[in-house]
Amino acid sequence: MKKILMFSILLIAVFQINAQNHFLGVKGGVSWTNMVSNADNESGYKYRTGFEGGLTYDYIFKNSVTVGADLIYNQRGAREDFILTNELGDPTGQSEEIKSNYDYLSLPLKVGYIYGEEIYAFINIALVPSILLSAKNIWPILDAGEVYMPAETFDITNDVTKFDLAALAEVGVGYKFAERYMAYASFQYQQSFISITNDNYLPNVEMYHNGMALSLGIKYALAKN
């Protein structure tokens with residue numbers, strides 16, 4: 001019992017010594033996502049504008065190398081034009097959008113480098129495993145060649161591949177203030193390696209997420225830096 005107590009005290013002491021290198025934070029921003037398909041080179045997809053944000057953790061080594069892990073909610077997907085036709089099947093010159101919305105919970109595992117003191121720059125690369133939370137296709141309701149609202153929503157959460165894995169690159173700038181705080185802005189690009197399609201969902205097509213995001217965040221040092 002005495003040894004366990006001494007070991008616990010030692011762990012606490014070590015953590016206190018190094019706590020100044022631990023940063024917890026929050027971030028949020030806007031994302032623009034799309035999908036790449038192997039069906040053809042001109043898929044016709046357009047970017048979906050969505051939200052990305054959550055909790056962050058970073059550890060900064062003395063040599064300015066950083067490692068970290070985030071817990072992020074992110075909205076992905078794309079939009080596609082649906083060409084309207086008349087009663088004879090001829091194009092009317094008008095179109096409506098089909099929206100494909102996929103929402104994920106992601107855990108970016110990061111390694112990077114930070115440069116500077118009060119004003120600083122940083123770069124990260126990350127492997128991003130994600131779990132699907134929701135997937136929906138939103139179609140305009142068609143009747144006799146005309147579009148009526150509201151659109152019809154199809155829940156495809158149970159059909160789409162549940163797990164995603166992506167690579168991420170991020171660059172940003174920040175400002176240290178009030179001793180323990182760091183505010184920053186960043187730009188990131190992400191590309192998935194796992195198709196959202198499978199034997200039950202569009203089995204003859206492979207489709208992959210990609211996209212970019214602009215984020216603002218703030219970090220707090222667990223001890224005076």
Side-chain angles (χ1 to χ4, degrees), residues 14-35 47-79 101-135 163-194 208-225:
V14 170
F15 180 80
Q16 289 296 328
I17 291 172
N18 294 286
Q20 65 185 24
N21 298 324
H22 296 267
F23 290 84
L24 299 179
V26 294
K27 64 180 289 188
V30 60
S31 62
W32 298 271
T33 60
N34 208 328
M35 292 188 294
Y47 282 92
R48 176 196 181 187
T49 301
F51 169 79
E52 176 175 302
L55 305 176
T56 68
Y57 165 77
D58 294 277
Y59 181 86
I60 303 177
F61 292 93
K62 291 183 179 181
N63 60 0
S64 298
V65 172
T66 65
V67 295
D70 301 340
L71 186 63
I72 302 296
Y73 168 75
N74 60 94
Q75 296 178 327
R76 308 181 198 173
R79 300 174 293 133
N101 296 342
Y102 307 88
D103 299 342
Y104 287 85
L105 185 65
S106 300
L107 184 69
L109 305 174
K110 307 173 297 181
V111 60
Y113 185 81
I114 185 171
Y115 177 80
E117 295 298 329
E118 184 177 2
I119 298 176
Y120 65 93
F122 65 91
I123 183 171
N124 289 313
I125 57 174
L127 194 63
V128 188
S130 301
I131 297 296
L132 180 71
L133 299 177
S134 172
F163 179 76
D164 184 74
L165 185 65
L168 178 149
E170 180 182 30
V171 294
V173 294
Y175 174 68
K176 298 179 183 178
F177 66 99
E179 295 185 340
R180 296 193 185 188
Y181 291 90
M182 303 168 70
Y184 66 94
S186 71
F187 171 82
Q188 66 181 47
Y189 178 81
Q190 183 171 308
Q191 174 66 57
S192 293
F193 301 129
I194 296 178
Y208 303 87
H209 292 296
N210 65 11
M212 51 193 170
L214 284 173
S215 298
L216 298 175
I218 188 167
K219 301 176 184 180
Y220 175 77
L222 297 185
K224 182 178 178 181
N225 195 12

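- The line from CD of Gln75 to OG of Ser31 is 6.5 Å long, rounded to the nearest 0.5 Å.
- Interatomic distance, Met212 CE to Thr33 OG1, rounded to the nearest 0.5 Å: 9.5 Å.
- When all heavy atoms are compared, the tightest approach of Asn210 to Gln191 is CB-OE1, 3.1 Å.
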inquiry  = Between Glu118 and Tyr175, is the side chain to side chain contact (heavy atoms under 4.5 Å, CB included) condition met? List the steps.
reply    = CA-CA 6 Å; Glu118 184 177 2; Tyr175 174 68; 3.0 Å; yes
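- Taking every heavy atom of both residues into account, Phe51 and Gly28 meet most closely at CE1-CA, 4.4 Å.
- Screening Asn21, Val65, Thr66 for a side-chain contact (heavy atoms from CB on, under 4.5 Å) with Tyr59, the sole residue that qualifies is Asn21.
- One finds the CG atom of Leu24 at 12.0 Å from the CZ atom of Arg180 (value rounded to the nearest 0.5 Å).
- With respect to Ser106, the side-chain contact (heavy atoms from CB on, under 4.5 Å) criterion is satisfied by exactly one of Ile131, Leu71, Val128: Val128.
- Partners of Asn101 under the side-chain contact (heavy atoms from CB on, under 4.5 Å) rule, at least two apart in sequence or in another chain, are Arg48, Lys99, Ile138.
- Among residues at least two apart or in separate chains, there is no salt bridge (Lys or Arg N to Asp or Glu O under 4.0 Å) pair with a member in residues 119-133.
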task = For Leu127 and Leu165, run side chain to side chain contact (heavy atoms under 4.5 Å, CB included): C-alpha distance rounded to whole Å, both residues' side-chain angles, the deciding distance at 0.1 Å, then the answer.
result = CA-CA 7 Å; Leu127 194 63; Leu165 185 65; 3.9 Å; yes
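- With His209 as the partner, the ring-ring contact (aromatic ring centres under 6.0 Å, His included) test is satisfied by one option alone out of Tyr104, Trp32, Tyr189: Tyr104.
- The salt bridge (charged side-chain N to carboxylate O under 4.0 Å, His left out) check on Asp58 picks up Lys110, Lys219, with sequence neighbours excluded.
- In terms of heavy atoms, Val171 sits closest to Ile123 at CG1-CG1, 4.0 Å.
- The side-chain hydrogen bond (donor to acceptor under 3.5 Å, both in side chains) test applied to Glu52 returns Gln188, not counting sequence neighbours.
- Partners of Glu117 according to the side-chain hydrogen bond (donor to acceptor under 3.5 Å, both in side chains) rule, which considers only residues two or more places apart in sequence or in another chain, do not exist here.
- Within the structure, salt bridge (Lys or Arg N to Asp or Glu O under 4.0 Å) pairs that include any residue of residues 21-34 comprise Lys27-Glu170 (at least two apart or interchain).
- Taking both residues in full, the closest heavy atoms of Gly77 and Tyr102 are given as CA-CD1, 3.8 Å, listed atom of the first, atom of the second, then distance.
- A distance of 12.0 Å separates CG in Asn124 from CG in Leu109, rounded to the nearest 0.5 Å.
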ask   = Can you list the steps and then say if Asp164 with Leu132 is a side chain to side chain contact (heavy atoms under 4.5 Å, CB included)?
value = CA-CA 8 Å; Asp164 184 74; Leu132 180 71; over 6 Å; no
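- Taking Leu216 as the reference, Ala185 meet the side-chain contact (heavy atoms from CB on, under 4.5 Å) condition, with sequence neighbours excluded.
- For Tyr47, there are no ring pair (Phe, Tyr, Trp, His ring centres under 6.0 Å) partners, not counting sequence neighbours.
- Remark: Ser215 OG to Asp70 CG distance equals 9.5 Å, nearest 0.5 Å.
- Shown here for Leu55 and Val26, the closest heavy-atom pair between the two residues is CD2-CG1, 3.8 Å.
- In this view, Leu133 and Tyr73, Leu105 satisfy the side-chain contact (heavy atoms from CB on, under 4.5 Å) rule, not counting sequence neighbours.
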inquiry  = Is there a side chain to side chain contact (heavy atoms under 4.5 Å, CB included) between Val67 and Phe61? Walk through the geometry before answering.
reply    = CA-CA 8 Å; Val67 295; Phe61 292 93; 3.9 Å; yes
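- Taking CG of Leu168 as the reference point, atom CD1 of Ile125 lies at 10.0 Å (rounded to 0.5 Å).
- For the side-chain contact (heavy atoms from CB on, under 4.5 Å) test, residues two or more places apart in sequence or in another chain that qualify with Tyr115 are Tyr113.
- Closest approach of Ile60 to Ser64, counting heavy atoms only: CG2-CA, 4.4 Å.
- By the ring pair (Phe, Tyr, Trp, His ring centres under 6.0 Å) test, Tyr184 is found to be paired with Phe122, residues two or more places apart in sequence or in another chain being considered.
- Phe177 meets the ring pair (Phe, Tyr, Trp, His ring centres under 6.0 Å) test with Tyr181; sequence neighbours excluded.
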